[in-house]
Amino acid sequence: MTIEHDISLKKYNTFGIDAQASAFVAIRTEQDLHELFLTGRLRNQPFLVLGGGSNMVFADNYQGLVVHMETKGIKVQGVEGDDILVEAQAGEVWSDFVRHCVDHEWYGAENLSGIPGTVGAAPVQNVGAYGTEAKDIIEVVRAYDVQTSNLRVFSNSECRFGYRNSIFKQELKDRYIVASVIFRLHREYELNLSYKALATAVAMKGYGHPTGRQVAETVTELRNTKLPDPKVIGSAGSFFKNPVVTASQHDDLKRRYPDLVSFVTDDGHYKLAAGWLIEKAGWKGKRLGNAGVYGKQALVLVNCGGCTGKEVVALSKAITADVEARFGVRISPEAIII
Ligand SMILES: Cc1cc2nc3c(=O)[nH]c(=O)nc-3n(C[C@H](O)[C@H](O)[C@H](O)COP(=O)(O)OP(=O)(O)OC[C@H]3O[C@@H](n4cnc5c(N)ncnc54)[C@H](O)[C@@H]3O)c2cc1C
């Protein structure tokens with residue numbers, strides 16, 4: 001384990017922003033983590049745990065230690081009837097892990113194919129797509145307390161998963177480093193076509209009883225039509241969260257904009273499609289400096305070439321102010337701005 005200084009983060013974030021970290025350490029084994037704990041640096045200096053950098057925007061250079069998770073390994077931990085318990089190290093690339101599971105006919109993760117980032121970040125944000133969330137397949141999360149260096153094994157319920165949320169983003173924010181995740185997968189394929197666009201795409205391909213591999217491939221194809229490939233166009237995926245409003249605010253907007261896209265929530269509020277609000281405000285395909293709004297999906301901000309984090313923040317503020325002025329609704333970033 002070696003701590004380096006003044007390292008460019010450009011290749012470590014999917015937006016491709018060229019910010020510098022004043023200190024940087026690659027963690028390749030759990031032993032590296034123990035050595036890092038022994039230095040005491042995580043107890044008294046700012047640090048940032050970084051996976052694939054696919055949910056982050058570096059608005060500025062980072063004055064602190066970036067802890068880059070590069071631990072690898074996928075291992076079967078046990079078999080319980082039809083279930084199979086599989087442990088993946090935090091630095092495994094999420095989409096490689098899902099492909100590995102599909103190749104080995106371990107099912108449950110296929111709807112989460114193609115999400116960028118690492119296994120270690122998946123429980124933090126409770127990644128989700130096409131009717132499945134990481135919480136549906138997570139058995140336990142093994143994580144180290146940065147204050148005491150102790151390992152804690154969090155059960156699924158202890159992670160307090162919610163929509164794009166978990167205990168690691170709330171009361172234990174910046175307190176634990178996820179070392180590995182154990183997933184409960186199935187050897188028998190259970191089809192999940194609860195997400196309408198996926199069901200339609202599968203039907204259009206003429207699959208009567210699709211296999212897990214066919215569903216994984218369909219999800220990947222669907223994603224490619226909507227989201228930019230970070231290797232080609234820099235982005236952090238969906239930049240804004242869908243705002244939640246009261247029923248009366250919703251009804252008022254619906255009267256003014258009959259084509260408003262919204263979903264009623266369990267508690268009678270309404271979630272508005274932030275992408276619709278941004279598109280309606282005329283931002284789709286627009287740019288400010290080198291930061292732009294993706295032409296195929298207004299929820300995604302993109303790097304138009306050499307863009308800085310400050311340009312992304314300026315664009316997101318301009319969009320937020322405009323949406324608020326037009327609709328009286330405040331949208332906020334889903335991406336983490338550092
Ligand atoms: C094109 C595109 C499409 C996307 N589509 C989706 C989608 O469909 N669904 C979805 O949910 N998300 C999506 N995302 C967002 C992103 O892929 C997820 O948030 C992903 O989990 C981030 O993983 P990461 O390793 O890149 O995390 P990073 O961006 O590196 O970090 C994210 C957060 O997790 C913390 N973290 C990372 N690793 C660890 C660790 N080992 N221990 C403790 N904390 C850690 C970081 O400190 C930070 O707070 C998309 C992003 C892009 C660019």
Side-chain angles (χ1 to χ4, degrees), residues 9 12-17 21 27 30 32-33 42 46-58 62 64-71 88-98 111-135 138 141-146 152 154 159 161-170 172-181 195 197-198 219-220 222-241 294 296-297 299-303 333-338:
L9 296 171
Y12 298 110
N13 70 98
T14 57
F15 234 112
I17 288 168
I27 299 296
E30 271 189 47
D32 284 347
L33 256 189
L42 302 189
F47 71 92
L48 171 73
V49 184
L50 185 65
S54 63
N55 203 27
M56 282 195 191
V57 177
F58 289 100
Y62 184 71
L65 176 66
V66 167
V67 180
H68 190 234
M69 299 305 290
E70 300 180 17
T71 51
Q89 299 300 311
E92 279 290 342
V93 172
W94 176 264
S95 56
D96 291 350
F97 163 69
V98 175
N111 291 34
L112 302 174
S113 293
I115 299 180
T118 55
V119 164
V124 176
Q125 146 105 343
N126 181 25
V127 290
Y130 294 98
T132 301
E133 290 179 302
K135 75 168 173 54
I138 288 175
V141 174
R142 294 177 61 254
Y144 285 94
D145 183 335
V146 297
R152 181 168 161 194
F154 291 81
C159 293
F161 290 121
Y163 176 70
R164 301 292 175 273
N165 209 350
S166 75
I167 197 165
F168 306 109
K169 272 178 100 172
Q170 299 297 329
L172 297 185
K173 187 171 180 306
D174 298 330
R175 181 73 195 262
Y176 279 85
I177 297 182
V178 174
S180 70
V181 181
Y195 196 89
L198 178 59
V219 166
T220 307
L222 277 173
R223 294 184 67 89
N224 291 343
T225 62
K226 290 190 188 149
L227 291 162
D229 176 353
K231 289 193 196 98
V232 184
I233 301 174
S235 86
S238 303
F239 191 89
F240 295 99
K241 290 188 222 163
Y294 191 46
K296 291 186 193 169
Q297 166 56 273
L299 202 50
V300 179
L301 301 191
V302 293
N303 184 342
E334 176 177 328
I336 302 161
I337 297 170
I338 304 286

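Throughout, numbering of the chain's residues begins at 1 and tracks the sequence. Numbering of ligands and ligand atoms starts at 1, following listing order.
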Q.
Show the nearest heavy-atom pair for residues L48 and Y62, with the distance to one decimal.
A. N-OH, 3.5 Å
**Q.** Residues forming a side-chain contact (heavy atoms from CB on, under 4.5 Å) with N303, sequence neighbours excluded
**A.** F15, C307
Q. Nearest heavy-atom pair of A143 and F154: which atoms, and what distance?
A. CB-CE1, 4.0 Å
Which donor-acceptor pairs under 3.5 Å do the side chains of residues 119-127 make with protein atoms, sequence neighbours left out?
from	atom 1	to	atom 2	distance (Å)
Q125	OE1	N55	ND2	3.4
Q125	OE1	K169	NZ	3.1
Q125	NE2	E334	OE2	3.0
N126	OD1	A134	N	3.3
N126	OD1	K135	N	3.0
N126	ND2	E133	OE2	3.4
N126	ND2	G162	O	2.8

Q) For the residue pair T71 and Q89, what are the closest heavy atoms and their distance? A) O-CB, 3.6 Å
Distance-only donor-acceptor pairs under 3.5 Å for side chains of residues 229-238, two or more places apart:
from	atom 1	to	atom 2	distance (Å)
D229	OD1	K231	N	2.9
S235	OG	G237	N	3.1

Q: Using a strict cut-off of under 4.0 Å between a residue heavy atom and any atom of ligand 1, list the qualifying protein residues by chain and number.
A: T14, V49, L50, G51, G52, G53, S54, N55, M56, M69, A90, I115, P116, G117, T118, G120, A121, V124, Q125, V127, G128, A129, R164, Y176, I177, V178, R223, L227, P228, S235, A236, G237, I336
